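Comments concern the structure below.
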Amino acid sequence: YTSGTTGAPSKYIPITNEMIRSIRLAGLKTYSGLTISDLAPQQYSKKVLMLGGSSDLRKTEHYYYGDLSGILVHKLPVWMAKRYKPGLEIASIKDYHEKMLAIAREAPKWDIGFISGIPSWIHMMLEYILEYNRLSNIHEIWPNLKVYAHGGTAFSPYKDSIQKVMGRPIIFLDTYLASEGFIAYQSSQEAKGMTLNLNCGLYFEFIPFDSDNFDGTGQPLPTARVISIDEVENHVDYAILLTTCAGAWRYLIGDTVKFIDKDKVELLVTGRTKHFLSICGEHLSIDNMNQGLLAMQESLKIDVKEFVVAGIKSGSRFSHRWYISSEPMAYNPSIISKELDLQLKKVNDDYASARKAVLNPPSVTPLPPRVFYDYLQSKGKMGGQVKFPRVMTKDNFADWEQYVKTHYSE
């Protein structure tokens, strides 16, 4: 089976009956946590819109394969299948723009109480619905929408944009459903992190994510120290080793996490083992980037929906080259660069030190969001599970820049 990924190739991972039961159980844990959020009993009878990849599975001689989310909608329990939207017919549409238009046409007919999906695609879907139906906010057609369960990428850059299209505040819940298993979930609206999904067909081990255990490319060293859940400490970045009921054995899934309450096994996702910038010792993590961008957005009152960055050698010095989807587009890139630089210095001392020595100020190119999505489509990677890579390798970044140069002009 294939799964969404931020890298170029798809991953093929077996989805067994045991894994489906594990994912269902974790979903129920997430769902049951809402009972303490003062939701009225009738709220649980509302429809659930789950935006994912295509549900159109392909068949070989021995098995079916397709997007993980597409597989799961074929395996929904009966009580959920009756409430699932947009339904298998629309979910099977492969062209994402066509799928969004189909959802927008049908949206007024549905009494949606819950939505789930990756923030970038959910935001795109909501904008399609608003434009197609000429709405000022989504609650005009979905008055009972109360909960959005998000996951797949950091939510903070998207929260304000999604809240703006709502007519009233809703509950946001974080989930951590990776291709390899349902790893963690937010147990209540008040929880500051997600609860590690123990006793659910998954076994967790952790490697401290530092130079003692990982090389400069994000690969674990032969001498890497592996610890179990009882040995973790709060506020330390760890890479996860996962053993699953589907057959994975001590698999490095590539995410980094830190525990904020080890007694409650509550954690935050902080980034990727390979998606960080350290071209000259700045050690800038995805978490640092998200924090810097969020502070920059708040300062300049702009929205950033997507971004990608790479480290560039510039003579005897280095620089970071950023592309961001910015609204309003008219904002001066030099102002964005200056404010982003300021905020990154605040969240990362190594970055601030590098800026004084060998790292030039960041260069920023604003782009419309469609350029990012069209690029994914050009690579055959359009879908509700697909996330745009935040940090690109040299070759991938050259391909991206060539695409921008060829397909976009201001």
Side-chain angles (χ1 to χ4, degrees), residues 3-4 15 18-53 68-85 112-119 121-122 142 144-156 158-159 162 169-202 204 229 240 242 244-246 253 255 257 259-261 264-269 384-385 387:
S3 66
I15 305 298
E18 291 80 4
M19 178 54 71
I20 290 171
R21 284 194 289 270
S22 173
I23 292 172
R24 283 183 178 180
L25 180 56
L28 281 172
K29 290 179 180 179
T30 307
Y31 203 61
S32 64
L34 292 170
T35 58
I36 60 175
S37 298
D38 297 325
L39 293 181
Q42 57 267 30
Q43 180 68 26
Y44 296 92
S45 66
K46 306 305 177 185
K47 304 297 183 185
V48 180
L49 194 157
M50 296 185 288
L51 186 64
L68 172 62
S69 58
I71 294 167
L72 292 178
V73 298
H74 283 279
K75 297 292 184 177
L76 292 173
V78 174
W79 63 271
M80 178 62 78
K82 292 180 178 179
R83 299 166 54 216
Y84 162 66
K85 295 297 177 183
I112 301 296
F114 308 83
I115 56 175
S116 70
I118 291 176
W121 300 114
I122 289 291
W142 294 343
N144 293 307
L145 176 59
K146 298 288 181 65
V147 179
Y148 170 33
H150 53 85
T153 190
F155 183 56
S156 55
Y158 302 94
K159 184 175 182 180
I162 290 178
I170 65 171
I171 295 170
F172 295 114
L173 288 180
D174 205 357
T175 61
Y176 186 3
L177 172 56
S179 303
E180 297 79 14
F182 205 140
I183 293 174
Y185 59 94
Q186 190 173 345
S187 59
S188 71
Q189 186 181 3
E190 292 73 26
K192 295 182 180 180
M194 291 179 286
T195 301
L196 193 65
N197 188 24
L198 303 176
N199 302 317
C200 203
L202 307 176
F204 300 96
I229 185 64
I240 299 177
L242 189 63
T244 78
C245 56
I253 65 173
D255 292 326
V257 301
F259 287 86
I260 58 173
D261 190 331
K264 295 181 180 179
V265 291
E266 284 189 0
L267 55 79
L268 300 173
V269 179
Q385 283 184 263
K387 297 156 281 186

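What you see is a predicted model; the values in this text were computed from it and never measured.
The structure places CG of Leu72 at 5.0 Å from CD1 of Ile23, a figure rounded to the nearest 0.5 Å. Rounding to the nearest 0.5 Å places CD1 of Ile240 at 6.5 Å from CG of Leu267. The NZ atom of Lys264 sits 9.5 Å away from atom NZ of Lys192, with the distance rounded to the nearest 0.5 Å. Distance check, rounded to the nearest 0.5 Å: CD1 of Ile253 to CD of Glu180 gives 6.0 Å.
When all heavy atoms of Gly193 and Ile260 are compared, the pair lying nearest together is N-CD1, 3.6 Å.
Looking at residues two or more places apart in sequence or on another chain, you find no side-chain hydrogen bond (donor to acceptor under 3.5 Å, both in side chains) involving Arg24. Under the rule for a side-chain hydrogen bond (donor to acceptor under 3.5 Å, both in side chains), Asp261 has no partner lying at least two apart in sequence or in another chain. A search for ring pair (Phe, Tyr, Trp, His ring centres under 6.0 Å) contacts involving Phe155 returns Tyr148, His150, Phe172, not counting sequence neighbours. Shown here are the ring pair (Phe, Tyr, Trp, His ring centres under 6.0 Å) partners of Phe182, two or more places apart in sequence or in another chain: there are none. Qualifying side-chain hydrogen bond (donor to acceptor under 3.5 Å, both in side chains) partners for Lys85, counting only residues two or more places apart in sequence or in other chains: none. Scored by the side-chain hydrogen bond (donor to acceptor under 3.5 Å, both in side chains) test, Lys29 finds Asn197 as partners (sequence neighbours excluded).
Screening Val48, Ile112, Leu39, Ile170 for a side chain to side chain contact (heavy atoms under 4.5 Å, CB included) with Val147, the sole residue that qualifies is Leu39. For the side chain to side chain contact (heavy atoms under 4.5 Å, CB included) with Tyr185, the lone residue among Leu196, Leu173, Thr195 that qualifies is Thr195.
Two residues are said to be in side-chain contact when any heavy atoms from C-beta on lie closer than 4.5 Å; Leu145 and Lys47 fail this criterion. The shortest side-chain heavy-atom distance between Leu51 and Ile115 does not fall under the 4.5 Å cut-off.
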Worked verdict on Phe114 versus Leu49 for side-chain contact (heavy atoms from CB on, under 4.5 Å): CA-CA 6 Å; Phe114 308 83; Leu49 194 157; over 6 Å; no
Worked verdict on Met50 versus Leu76 for side-chain contact (heavy atoms from CB on, under 4.5 Å): CA-CA 11 Å; Met50 296 185 288; Leu76 292 173; 3.7 Å; yes
Pair Val269-Met194, side-chain contact (heavy atoms from CB on, under 4.5 Å): steps then yes or no: CA-CA 9 Å; Val269 179; Met194 291 179 286; 3.9 Å; yes
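Without hydrogens or angle criteria, Ser22 side chain to Cys200 main chain gives a donor-acceptor distance under 3.5 Å. Distance alone, capped at 3.5 Å, is enough to place a donor-acceptor pair between the Gln43 side chain and the Gly113 backbone. Put simply, the side chain of Thr175 never gets that close to the backbone of Leu177: no donor and acceptor are under 3.5 Å apart. Of the possible polar contacts, one joining the Gln186 side chain to the Ala191 backbone as a donor-acceptor pair under 3.5 Å is found.
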